[in-house]
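Written out below as structure tokens is the structure these notes cover.
Side-chain atoms are counted along with the backbone in the values below, which use heavy atoms only and exclude waters and symmetry mates.
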There are 2 protein chains.
Amino acid sequence: MRQNPERRTALIDAAIEVLADQGARGLTFRAVDGQAAVPVGTASNYFANRDALLTQAGQRVFQRLDPGPAVVGEALALPRTRESVDRLMHEMVERITNFRSGYLAMLELRLEATRRPELREVLTKQIRENVQENIDFHLESGMPGDADTVVMLYLSLNWLILERLTLPDVFGEDRAAALISAAVDQIVPPQ
Amino acid sequence: MRQNPERRTALIDAAIEVLADQGARGLTFRAVDGQAAVPVGTASNYFANRDALLTQAGQRVFQRLDPGPAVVGEALALPRTRESVDRLMHEMVERITNFRSGYLAMLELRLEATRRPELREVLTKQIRENVQENIDFHLESGMPGDADTVVMLYLSLNWLILERLTLPDVFGEDRAAALISAAVDQIVPPQ
DNA sequence: AACTTACCACTACACCCGAAGTGGTGTCAA
DNA sequence: TTGACACCACTTCGGGTGTAGTGGTAAGTT
């Protein structure tokens, strides 16, 4: 088992691209090797089996989706109003949408989790933590709305992103942007 | 090309199961043959190629997800209140959740549509129609709320179903049921 | 300074699996 | 008899795994 951490990370990132491009079944050692532009056999030397690759890809997506401290700081500087929530939601959707391969890979992993209990556990844990972090952050920040408000935004905006990334013409770009604001209007209580 | 329509439908339904079980890449003629308990080569005789199988599976899922006239009639008999909407949403989520393989197959098809323009067109058309039908039905029925209300319910409940079907432990069964009511409470305006 | 050790990139190979597609045969009914 | 269909066999192909082996490099040792 090889240890070089940069190379390992590069392989995992390549695995995310492969997941998005070719689906969970397309995630093979050779495909990862190819995507990472690395000799055949390399990924096989770094990961014991496909499961290891899948779970580590799942963790990596979350790592890369995490907003930096800059975004968090900016959020905390905003006034505690619905308008601020609206702005933050637009930013969040844009940030996630821009990491297209990561989001699609995450969806592939969800479907794969249907068949792999270990992967399901890993993902469940991460999503729960993610939702809880969102709730905690929202409540602590003093923005209007309660835990259910946050969950409802989570649900609706996630599907909106999925819709945009898989069937972009169902809601055009403008309509999708308007729907973000509509979601905030309907879901976040006036302060 | 074989014509027997019952057999053809049975093969498409088998394809839906295969999609849910093994993913889009797992959808091969042989796998469909196996699922349909039919001799090897049969699916190959009924469909020109995998693309035909994929698009027809997509259409079939919608066909099977369509609520019967019984459900529609029942809906129209309800009073025009938020409580009725709440009940209808619970029924809809349950109906869709119960067709697990169909919903998972639909997600696989969405991801596959990322790579196949023809499939993307077919699905886009169907989803647009589906959303529009929901909006029209809601508005014509006189239930409280406007088009955005319906879209917002569509977004949030779809992701809730996805969450339930892929990572059921993120929201437990009870929490998920409560979230349906919470969605209606927050999204549907009081009448 | 020469030597040894350990890690790593890269290559090659042996093996396996499953798929596609086609052509052919048997059967039944119009 | 003819045509449509179910079923079967065979050929061909591609791609994947896992592992063994080779050579290079860097760091530590005597």
In this structure, how many angstroms lie between the [atom2] atom of [N] and the [atom1] atom of [X], rounded?
{"X": "B/N4", "N": "D/dA6", "atom1": "CG", "atom2": "C1'", "value": "10 Å"}
{"X": "B/L53", "N": "C/dG21", "atom1": "CG", "atom2": "C1'", "value": "16 Å"}
{"X": "B/L11", "N": "D/dA6", "atom1": "CG", "atom2": "C1'", "value": "12 Å"}
{"X": "A/R8", "N": "C/dA9", "atom1": "CZ", "atom2": "P", "value": "11 Å"}
{"X": "A/M1", "N": "C/dA6", "atom1": "CE", "atom2": "C1'", "value": "17 Å"}
{"X": "B/N49", "N": "C/dA19", "atom1": "CG", "atom2": "P", "value": "17 Å"}

Nearest listed nucleotide, side chain of B/Q3, among C/dC8, D/dC5, C/dT22: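 That would be D/dC5.
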Please identify each residue that fulfils side-chain contact (heavy atoms from CB on, under 4.5 Å) with [X], with sequence neighbours left out.
{"X": "A/P79", "answer": "A/T81, A/S84"}
{"X": "A/R87", "answer": "A/E74, A/L78, A/E91"}
{"X": "B/Q132", "answer": "B/I135, B/D136"}
{"X": "A/F137", "answer": "A/V72, A/A75, A/L76"}

Under 4.0 Å from OP1 or OP2 of D/dA6: is there any side-chain N or O of B/Y46 that close? yes
Just N and O in the side chain of A/R7: are any of them under 4.0 Å from OP1 or OP2 of C/dA9?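 For A/R7, the contact criterion (side-chain N or O under 4.0 Å from OP1 or OP2 of C/dA9) is met.
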So what does A/V38 touch, heavy atoms closer than 4.0 Å: a base, only the sugar-phosphate, or nothing? nothing
At a heavy-atom distance below 4.0 Å, what parts of residues 19-34 of chain B sit against DNA chain D? none
Working to the nearest 0.5 angstrom, can you tell me the gap between A/R110 CZ and A/L119 CG? 11.0 Å
Reading 5' to 3' through nucleotides 24-30 of chain C, protein heavy-atom contacts under 4.0 Å coded B for base, S for sugar-phosphate only, - for none: -------
Salt bridge (charged side-chain N to carboxylate O under 4.0 Å, His left out) partners of residues 37-56 of chain B, not counting sequence neighbours, each pair once: B/D51-B/R116
In the hydrophobic cluster built from side-chain contacts under 4.5 Å, what are the other members alongside A/V122?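 Its cluster partners, ordered by chain and number, are none at all.
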How would you list, by chain and number, every residue that makes a side chain to side chain donor-acceptor pair (under 3.5 Å) with B/R115, sequence neighbours excluded? A/E108, B/E112
Check for me, please, whether A/V85 and A/L139 land in the same ILVMFWY cluster - side-chain distances under 4.5 Å, paths through other members count.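 The answer is yes; both residues are in one hydrophobic cluster.
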